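Presented below is the structure to which this report refers.
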Amino acid sequence: MNNKEIVAQAVFEVVKENLSLSEVERLLENPKSVDHGDVAFPAFALAKVFRKAPQQIAAELAEKIDPTAFEKIEVVGPYLNFFMKKEVISSMVLKQIAKEENHFGDSSIGNEGNVTIDMSSPNIAKPISMGHLRSTVIGNSISLILSKIGYQPIKINHLGDWGTQFGKLIVAYKKWGSEEKVKAEPINELLRLYVEFHEKAEEEPELNDEARAWFKRLEENDSEALELWRWFRSESLNEFNKIYGMLEIDFDSYNGEAFYNDKMDEVVTMLEEKHLLQTNEGAEIVDLEKYGLNPALIKKSDGATLYITRDLAAALYRKREYNFVKSLYVVGNEQSGHFKQLKAVLKEMDFDWSDEMIHIPFGLITKDGKKLSTRKGKIVLLEEVLNEAKDSAFAQIQEKNPDLPNKEEVAHQVGVGAVVFHDLKNDRLNNFDFSLEEVVRFEGETGPYVQYTHARAMTILEKSGFSVENETDYALNDADSWEIIKLLQSYPEVVMQAADQYEPSVIAKHSIKLAQAFNKYYAHTKILVDDEQKNARLALVHAVTVILKEDLRLLGVHAPNKM
Ligand code: ARG
């Protein structure tokens, strides 16, 4: 039980005639400051029934409530402020974590329902951008959080492996490229060719016609075009997999846009049958005026399909293949118009499940205040960022703990963890400016700080020889441990909140608060001193290691035992 539930029960016992248990619970508040206790009950709601001033009601209730679980119940004006009995709560929380370990906060609310998560989804022949990194790590964390509460996540990498850019790439490759160069450095070379195409096309617009012609050949399954496309795709995937490997993130499906090439006719036919298609200057559109949206362009005048046509086919395919209870799209905020249109078209087609399609947008990463653009070659290479972070972690370990046995492995976990944590700790909709220095920083509110706190707590436990005994009482009553107990106790709600809001930052913020509270405790308390509370203090340290590690796990970050 959490404190609110305990207070609700106690209040309910004395107001049974007038309020239900859930009504009482809904009225409870979290006091802004610790001086006002742990939970507050405002008595206003009872003023009408009792025909008395709320102040008086509060005072009378305070007399009647069973005080067992409380240190004191204070009446401040119309409020009842409950101060929980620290010994009782700490023992309850620590026992539960000792027993459930990292399953503390698990739930079965998801009923094993499938949730598809469209995530990462980079474009072939281009480097994975910082935006794709965001989608990858946010999507991965959401999948971990959802599976903790009983859903079955299905991670789908909807690769951008189709579209007119492949016409451009083929032209550029045939004119200015070479096999050896692409083999040597696939993504860099393909990107160079892509950029070169755009530069040259500004002076020679005919190049665009050539590109269109090549893309048409590709759409018509011309063997030369297809072979080049397949080659670019597999070289690109190899490169992407290096990064996914570093992040230790995998996918259940790599069905990208090209996978839907033979599945779009069905969608177009359905749209026709439902009389939703209109012809507009030779193009086929779905009018979405009643949604306040621009029309969705389904087919161009030359018969070419579009990004949204493939997404319509993909949505349908996912419903049939996975029968999802929710279908998530972790894609940058700049595409929110696209996802509104996508949902609206499906709604028009009478697919009620479109209500369960949720776009999970995130903010932009800029560099020196400007948008990054592949077309202009203005990008940050993710692999470089990850390697840099790793090197920097290695240097710090070398300096502080040169005898650590698995230095390479830990440096990887800390470096990559720093990058991932940096991305996840802010509300996902916030924009931020990319700075390598900031990303590989280890002090302050960072991943390495949380990892370091975890390792430090592990060291204490190791020294103490502590082992969990379920029957023991873990009663603590000092103010510093209380702060920790409350953070531990709130964990199940924190997980639920992160899941409800699709917001990994809720978990990241919890981990930072818990690490800070623990470091404060550690600075003020002699944990290993032999007295009657020693075992309870160690149970607290143990619980902190369990929950910090679980927080990090839900973010996709390792918690090494030693650093
Ligand atoms: N490849 C796209 C991009 O990089 C993202 C795809 C997102 N997923 C989707 N189903 N549209 O912008």
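None of these values were measured; they are calculated from a predicted model. Along the sequence shown, residues are numbered consecutively beginning with 1. Counting starts at 1 for both ligands and their atoms, following the listed order.
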* For ligand 1, the residues whose heavy atoms come within less than 4.0 Å (ordered by chain, then number) ->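 Within the 4.0 Å shell of ligand 1, which is judged on heavy atoms, sit Asp118, Ser121, Asn123, His132, His158, Tyr307, Asp311, Tyr329, Val331, Gln335, Phe339.
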
* Taking the six-membered ring of Phe351, is NZ or CZ of Lys274 closer than 6.0 Å to its centre and within 45° of its axis? ->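 Verdict for Phe351: a cation-pi partner in Lys274.
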
* To do: Find out whether the Lys NZ or Arg CZ of Lys263 is both under 6.0 angstrom from the six-membered ring centre of Phe259 and within 45° of the ring's axis.
  =>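 Yes; both conditions hold, so Lys263 lies above the ring face of Phe259.
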
Please table the atom pairs, donor to acceptor, closer than 3.5 Å between any side-chain atom in residues 321-335 and protein atoms at least two apart or in another chain.
from	atom 1	to	atom 2	distance (Å)
Asn323	OD1	Lys319	NZ	3.2
Ser327	OG	Thr116	OG1	3.1
Gln335	OE1	Tyr307	OH	2.6

* Set of ring-ring contact (aromatic ring centres under 6.0 Å, His included) partners for His422, sequence neighbours left out ->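 So His422 forms a ring-ring contact (aromatic ring centres under 6.0 Å, His included) with Phe432.
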
* To do: Go through the structure and list residues passing side-chain hydrogen bond (donor to acceptor under 3.5 Å, both in side chains) with Lys549, not counting sequence neighbours.
  =>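 Checked Lys549 against side-chain hydrogen bond (donor to acceptor under 3.5 Å, both in side chains); zero matches.
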
* Is there a donor-acceptor contact under 3.5 Å linking the side chains of Asn2 and Glu493? ->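 Yes, side-chain donor-acceptor contact under 3.5 Å.
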
